[in-house]
2 protein chains.
Amino acid sequence: MRVPRKTGNSKLVKKLNKEEVLQQVIQHGQISRADISKQTQLSRPCVSALVDEMIQEGLLQEVGMGDSRGGRKPILLEYNYQAYAIAGAIFEGSTLDMTIANLKGEFMARCRKRLDQPANGERVIEDLVAGLTRLLADSGMSHDQLLGMGVGLQGVTQRGQGTVSFSPSTGWMDSPIQEALEARLGVPVIIDNDVNLMTLGEYVRGVGVGHSHVVYMYVGTGIGAGVILDGQFYRGSREAAGEIGFMMIGPEQHRRNGASGVFETHYSVPGIMQQAEGVLSDLQEGSSVIEELILHARAGSVQAQTLLDDVYRHWAYGMANIVSILNPELLILSGEMVHIDDEGVKKIQEWLTEWVPKVPCLKKATLGEQAGLIGAVHSVLEAFPSTRLLDKA
Amino acid sequence: MRVPRKTGNSKLVKKLNKEEVLQQVIQHGQISRADISKQTQLSRPCVSALVDEMIQEGLLQEVGMGDSRGGRKPILLEYNYQAYAIAGAIFEGSTLDMTIANLKGEFMARCRKRLDQPANGERVIEDLVAGLTRLLADSGMSHDQLLGMGVGLQGVTQRGQGTVSFSPSTGWMDSPIQEALEARLGVPVIIDNDVNLMTLGEYVRGVGVGHSHVVYMYVGTGIGAGVILDGQFYRGSREAAGEIGFMMIGPEQHRRNGASGVFETHYSVPGIMQQAEGVLSDLQEGSSVIEELILHARAGSVQAQTLLDDVYRHWAYGMANIVSILNPELLILSGEMVHIDDEGVKKIQEWLTEWVPKVPCLKKATLGEQAGLIGAVHSVLEAFPSTRLLDKA
DNA sequence: ACTGTTAGTTAAACTTACTAACAAAGTTAT
DNA sequence: ATAACTTTGTTAGTAAGTTTAACTAACAGT
């Protein structure tokens, strides 16, 4: 763990002030030197000097005059969002989704590619490189401007170490993939679990905007959660926070060491499918269990309705536990949960109100498959705050 | 919410450097100017200037010479832990426990007092004032040196607002007690729940030392938990984090709006007592249910053993849920749980290993009734880091 | 006694932000 | 139209802090 230097000299002061000036420009979109001075309490000459330097460095631009407020017109400044670029990549099943974004996090180019199956680790790296090269060309950015790349994948990742221990869809197993990619791409790389990145995506651009205590609950092949506390992603002592599939919810079976957790076994998509065997004769590829169950229930199937209620109720148990421990202000439902109908949401909400004192807001995820890419881009953006851009220039 | 000024001038630098110098002295106990310079990367003249100022302010002292390392002997510096004092108070049942501590958190004087029952809010405040006056006299500190007071009580507190909404033992109901106390005592006051303060106590001086992801699980009249994540106390969006009594563990009963949670109802001390009615004929005041159950079980009572196992198992469910969500590195068992015998702990540990992938260390609380007072003192100590002492001087 | 080393201090240089004064470019009132 | 006032941005000099370089003090080993 690198301890940040706590001591400072005048250089530090300058850096801090520059950062704050940049922050003001980003926050206000367009702002004059005089207004920055008012906002930051820095003297006008000081702001001018800092701004001039940052214009030299290419981080800021003068973009015309503002309206007069009784005196000389202000020169408006803007952040140059095109100064650097960020790459994002998400592996979803056997497809690789990539994007290039500017410093605002806006996508400037995208591409998608099918991966050969079974996946070959080496080959996948080359696919990433090829995609990146193409995206850089499409977006008109140069490799020098690339700050880094965020990569999300289904599987078990150790973001802290930059390693992946289990990821069949990419063919990466127990490998220090971050290092390998950084060496090959020549830029910093962040590796993370796709649920974590989706969480981040919804937090910065989706339903999570404006909240600082958010839990993103995902039900798919497995059950997991992304946890944001006090505006910070929480990962746990060994990066296993949010592994809510292991909660003791549902019929407990003995001796299920390793593998999946109790909650996950019964109430993830495969778990529900198994329970639904008698009810849903056959489920076609690509359709949702919950949707099907809802259809059958509406058509009068008591069995379907019973199963649905059971699933909702146990999902609500999970939520109640999360809420009891973390007291979030927002719970985002994603994955299979987005198919819950209004009636279902209402039921769950009523149960929670009955069970726990401080019920958070419940909202379904809204960004769909974009969430992961947005999160990937923002994970890099977070690792490169304005601070580090100033160093780079 | 007050936004901390992010911009800086030379004053800020000086403050930062002074803080860091102070930090080094605190960390090393005794250290010379030269060594501080090496540790902090500040130049020797600079360190000398800062140290001299702090000696003037009474925060540091020269305490003799160190051994020569081939040249002139170093002058050793020490932090003046007696420069300021901190008061702590804990209400436990109908007794008020108070202390005065130095800046190291060491108790310099203590006193205990029985409160009249039923408690009268006004009267209790005067008891606090009286106790404080006496402790200041006993410890030889002056009121000017008092930095603040930490107060812990059983009940529902809103530390952020400094209010108490429900606390029968002190007679404070729905009152802005922090403000009242600050006005009466003339120093900053921190009000918090006793479980939170015990958590903090065990974290800084008990079994939690050296860990940064700790959950302190308390079973008493109710069930609650204190949560420390990444070295920071986590309170939740509406100060309701750690309200684990509301987890959905145990037989679910309908319509139990408000009041206590499902887990709490069945597995807190009163809950267990109720279940034990047939087993333990009568329980004398002041003894522990778990101890009694263990005794009966050892004496051959199958019923007692069954109930004990059931309790352990459900407590373990709670732990599993906590661990799944938070992935702490340490789980502190306190309250009634300290009476679990080794066999019981082992059982719980085995269950957890079976259920969840990353089992934390399980340890019983060790500080006993001291924990709360230590936490109370440290809550003030945290609110007055070296930063603010420098401002004060 | 001489050399080499460590601790602490003094003096000048350097970096940064601040204040005060000023120039530029507007608006408003007469 | 002109003068007075405002707001914006810049220039010049000052103040506060840290750093470097040199110096004194004090000590160990030979």
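Here is how names work: the chains are called A, B, and so on, in the same order as the sequence lines, proteins then strands, and each is numbered from 1.
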Relative to the 5' end of DNA chain D, which residue comes earlier, A:Ser10 or A:Gly70, by the nucleotide with the nearest heavy atom?
A:Gly70
Which heavy atom of B:Ala241 sits nearest a heavy atom of B:Gly236, and at what distance?
CB-N, 3.6 Å
Picking from D:dG9, C:dG26, C:dT9, the nucleotide nearest the side-chain atoms of A:Ser68 would be C:dG26
Counting just side-chain N and O atoms, does B:Lys11 come under 4.0 Å of either OP1 or OP2 of D:dG17?
yes
Roughly how many Å is it from CZ in B:Arg69 to C1' in D:dG29, rounded to a whole number?
18 Å
A:Asn17 has a side chain; which of D:dT7, D:dA22, C:dA17 sits nearest to it?
C:dA17
Nearest-angstrom distance from the residue atom CZ of B:Arg33 to P of D:dA26:
14 Å
For the side chain of A:Val13, starting at C-beta, report the closest nucleotide among D:dG9, C:dA17, C:dA7.
C:dA17
Tell me: NZ of A:Lys15 to C1' of C:dA17, nearest whole Å?
18 Å
Picking from D:dT19, C:dC18, D:dT8, the nucleotide nearest the side-chain atoms of B:Ser43 would be D:dT19
With respect to the side chain of B:Arg72, which nucleotide from C:dT6, C:dT16, D:dA28 is positioned closest?
C:dT6
B:Lys38 NZ to C:dG8 P, straight-line distance once rounded to whole Å:
9 Å
Testing C:dT9, D:dT19, D:dG17 for proximity to the side chain of B:Cys46, the answer is D:dT19
When all nucleic acid strands are considered with a 4.0 Å heavy-atom cut-off, which category describes A:Pro45: base, sugar-phosphate, or nothing?
base
For A:Leu12 and C:dT15, what is the distance between atoms CG and P respectively, to the nearest whole Å?
16 Å
Please check if the side chain of B:Asn102 supplies one atom and the backbone of B:Glu106 the other of a donor-acceptor pair under 3.5 Å.
yes
Find out whether A:Asp230 and A:His213 are in side-chain contact, i.e. whether some heavy atom of one side chain is under 4.5 Å from a heavy atom of the other.
yes
Could you tell me if B:Arg205 sits above the aromatic ring of B:Tyr203, with its cationic atom closer than 6.0 Å to the ring centre and no more than 45 degrees from the axis?
no
